[in-house]
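The next block holds one structure in the form of structure tokens; read it before the comments.
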Number of protein chains: 4
Amino acid sequence: MNERTPKKGLRPRKAPSQPRSEETVAAIIEAAAQVLEAEGFDGFNTNAVAARAGVSIGSLYQYFPGKDALTVALIRREMKRFYDDVAIALAMHNGEDALTYLLGAAVRQQLQRPRLARLLDIEEGRPALRDEVAKPELEQMTTEIIKRAIPQHASPEVAAADLFAMVRGIVDAAGERGETDMAYLEYRVRAAVFGYLANTGTA
Amino acid sequence: MNERTPKKGLRPRKAPSQPRSEETVAAIIEAAAQVLEAEGFDGFNTNAVAARAGVSIGSLYQYFPGKDALTVALIRREMKRFYDDVAIALAMHNGEDALTYLLGAAVRQQLQRPRLARLLDIEEGRPALRDEVAKPELEQMTTEIIKRAIPQHASPEVAAADLFAMVRGIVDAAGERGETDMAYLEYRVRAAVFGYLANTGTA
Amino acid sequence: MNERTPKKGLRPRKAPSQPRSEETVAAIIEAAAQVLEAEGFDGFNTNAVAARAGVSIGSLYQYFPGKDALTVALIRREMKRFYDDVAIALAMHNGEDALTYLLGAAVRQQLQRPRLARLLDIEEGRPALRDEVAKPELEQMTTEIIKRAIPQHASPEVAAADLFAMVRGIVDAAGERGETDMAYLEYRVRAAVFGYLANTGTA
Amino acid sequence: MNERTPKKGLRPRKAPSQPRSEETVAAIIEAAAQVLEAEGFDGFNTNAVAARAGVSIGSLYQYFPGKDALTVALIRREMKRFYDDVAIALAMHNGEDALTYLLGAAVRQQLQRPRLARLLDIEEGRPALRDEVAKPELEQMTTEIIKRAIPQHASPEVAAADLFAMVRGIVDAAGERGETDMAYLEYRVRAAVFGYLANTGTA
DNA sequence: GATGAATGAGGATTCATTCAT
DNA sequence: TATGAATGAATCCTCATTCAT
């Protein structure tokens, strides 16, 4: 499957109606997570995922039209948790508190399963998946939070993108090095983020 | 080639002594860069590289014991330029100037061939390559520069790692979005880095 | 590979330059013929063809970008012989002789390897291959021969198409029934063709 | 399912006694026709047929022991209409009229759903089905008609086979080219058939 | 009877690597 | 040394068929 190949289905093949199916789908996605975590990209193949999920390869393809669709589903599953956190942050009155909460959530999530998070970050960037996993609302919501925290900021959209990128960079690298002290990491992330905002805020 | 596979040679097979060989090796490495840039991981295969380099696949294997060795060579080539910049920075007297210079160099390099840079950043993280492309001196030198810029900083090693990671994060993301305004990007990177240092410096 | 799938390469992958390659290509095509003949469509898979040719599956794909390309090559090989016969017929002065010669050639060819001929006739009709195996010159040349044999014929193009179709129909069916008496078959084919022309000629 | 595989049931699994079953069976067969027509062999799979029929795949297998049995049923359904026409022809007193009527019926039927007809003609030839869809009576009846039309014909059995084959050849090809003018096509078919008979009749 | 989830053998294709020439 | 033909393990994916519910 080449990069320019006209897309193929990346959405789940069928909404699993029976409860049995739902379990199967969840099992496959979690198996994908585990395989990716344990074997890296090299070992991340559909047969391994099916085997780890305890289902046949045929079942996997009943629910996902292809490997990429499975990856997308996994990314979405992980993204969802963050979404919820963003919503919580948005509900806060104080902008700075909201941003702080968000950073904590990001650190927590990324350090929960660091390798998985890092590998999925990479997958997200693949041209074949990019459209499917784009998160416009997420960025909009983050922009909104920044506006509240630093009302006078000149370009909150750019700031949102930069902050996403730098947080991801710092936390992924920390996870890769095996860091586990979340408090310390959170402290540094806050330092980076608020430092960035302080220095770019008053354009 | 599995992640746990007992390593294989990742060093160039022979120090090309003859000038013709040197050219060949350079041509292969540049071809690898171009293929990676143009086709992404999906199209990055040894046959394509050999073809683009205008040499036979057999010749490629004469100079590189395997695909990973080729990747490593490419990473090293890109790293070298940065090395030189770090050396220049180290020669500067004023610590802040040195750091500023370094950030500029990083931005410049990363935005020169943004996609290549980003893909190589990913490759660097692969377990199979990590040992071969580790850059202890680089980190040490950067740490040294930070020490000079912020003498009282509590943990310059951690700072060096974080700064590497955040700069890479910001610049890779900017490249991916197609940004080309280096001055603006540099400004933001400086904001992030000096903001981080300001907030973590006085432990 | 669906019927509407945007085409894929159907031309041989590389013009085999070395003599060794040429042999390999020929061996693969003949193996394809034999497998198709012996096993029918059901057994006609690339692995079987490679095995029968005594080459690895990889070699097959070095020369043919896909299964269909192999089929096309086989069809072309068979077509070529007929082409030559049409050329010979075209060189004849007497139109009826030319047509008679052509019919004989068609019968001979089709009865040489009857099952292969019949299965390839079917393959030719597959939408995925149709464009690649179209034979406009062949039809043009046949039309020309008909014009010479029956100068006053109202619509020689239609006649050419009909004659192709009926000859193919009769001979394929005869082959399927295991007929081997070429003279008798040829006699009947001539009866059909000249009967058709006699009855449609004077529009 | 290989060509030599010891046969499997090709007859419908149960004579559907209840009216509801009969409808279901008919729906499945018509769905098979539509799928074959619309997607060609590539898309002709049991799941697609069941879906198009609006029944579950399980139900399909309740009525047909396998895919081939479904194909056979479809072929039989199409054959039946022709059977009736042959019977009508047989009831005619004048042999030539009978033959003419038969040809018209053949053209009409084949041009009704040309693609379906052509694909079923191919399926009929598959060794796995051949025995199940042989039509000895049909050929016998046709032979009878020929005998009446051309009493002195030397080998009416051979003629019957040839005529079947050439009519099928001409009409299938016409359908493939998208012809729709039935009168013109019928005229040419008559020309071919009566021409053939005229030229072979007086052995 | 009907359903549709599950199965897994089978088949197409890729690509890193070797080795005879 | 260079070449490029050959290799085959690995991987993706399909679809006829079964069977528990």
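Chain identifiers are assigned alphabetically (A, B, ...) following the order of the sequence lines, protein sequences preceding nucleic acid strands; residue numbering begins at 1 within each chain. Values reported hereafter were calculated over all heavy atoms of this structure, with side chains retained and with hydrogens, waters and symmetry mates removed. Note that the structure is predicted; figures quoted are calculated from it, not measured.
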Would you compute the distance between atom [atom1] of [X] and atom [atom2] of [Y] and round it to the nearest 0.5 angstrom?
{"X": "C:Leu60", "Y": "C:Leu70", "atom1": "CG", "atom2": "CG", "result": "5.5 Å"}
{"X": "A:Gln34", "Y": "A:Leu36", "atom1": "CD", "atom2": "CG", "result": "11.0 Å"}
{"X": "D:Leu129", "Y": "D:Ile122", "atom1": "CG", "atom2": "CD1", "result": "12.5 Å"}

Counting only side-chain heavy atoms from C-beta out, which of [options] sits nearest to [X]?
{"X": "B:Ser56", "options": "F:dT3, E:dT17, F:dC13", "answer": "F:dT3"}
{"X": "C:Tyr63", "options": "E:dA2, F:dA6, F:dT14", "answer": "F:dA6"}
{"X": "D:Thr46", "options": "F:dA16, E:dA12, E:dA6", "answer": "F:dA16"}
{"X": "B:Tyr61", "options": "E:dA6, E:dT14, E:dT18", "answer": "E:dT18"}
{"X": "D:Lys67", "options": "F:dA6, E:dG1, F:dA16", "answer": "F:dA16"}
{"X": "A:Asn45", "options": "F:dC12, F:dA9, F:dT14", "answer": "F:dC12"}
{"X": "C:Val55", "options": "F:dT17, F:dA5, F:dT7", "answer": "F:dT7"}

remark   = Result for 5'-nearest mapping on DNA chain F, choosing between A:Gly66 and C:Ser59, is C:Ser59
query = Where each residue is assigned the nucleotide of DNA chain F containing its nearest heavy atom, which of B:Asn47 and B:Gly54 is assigned the position nearer the 5′ end?
reply = B:Gly54
key: A:Arg13 vs E:dG4: side-chain N/O to OP1/OP2 distance below 4.0 Å   = no
key: Distance test, side-chain N/O of D:Gln62 to OP1/OP2 of E:dG1, below 4.0 Å   = no
Take the protein atom [atom1] of [X] and the nucleotide atom [atom2] of [N], then report the distance between them rounded to whole Å.
{"X": "A:Phe64", "N": "F:dT14", "atom1": "CZ", "atom2": "C1'", "value": "17 Å"}
{"X": "B:Asp42", "N": "F:dC12", "atom1": "CG", "atom2": "C1'", "value": "13 Å"}
{"X": "A:Asp68", "N": "F:dT11", "atom1": "CG", "atom2": "C1'", "value": "13 Å"}
{"X": "A:Phe41", "N": "F:dA10", "atom1": "CZ", "atom2": "C1'", "value": "19 Å"}
{"X": "D:Ile57", "N": "F:dA20", "atom1": "CD1", "atom2": "P", "value": "18 Å"}
{"X": "D:Glu23", "N": "E:dG1", "atom1": "CD", "atom2": "P", "value": "15 Å"}

ask   = Ion pair present between B:Glu30 and B:Arg52, side-chain N to carboxylate O less than 4.0 angstrom?
value = no
request  = Go through DNA chain F and write down every stem, that is, every run of at least three consecutive Watson-Crick or G-U wobble pairs with distances under 3.5 Å, as range with range.
outcome  = E:2-21 with F:2-21
request  = Take A:Asp68 and A:Arg126, measure what side-chain contact (heavy atoms from CB on, under 4.5 Å) needs, and give me the verdict at the end.
outcome  = CA-CA 10 Å; A:Asp68 283 348; A:Arg126 282 188 35 220; 3.2 Å; yes
inquiry  = Name the residue from A:Glu132, A:Glu124, A:Glu123, A:Arg76 that meets the side-chain contact (heavy atoms from CB on, under 4.5 Å) definition with A:Thr71.
reply    = A:Glu123
message = Evaluate B:Thr46 against B:Tyr61 for side-chain contact (heavy atoms from CB on, under 4.5 Å), listing each step before the verdict.
response = CA-CA 9 Å; B:Thr46 52; B:Tyr61 275 88; 3.6 Å; yes
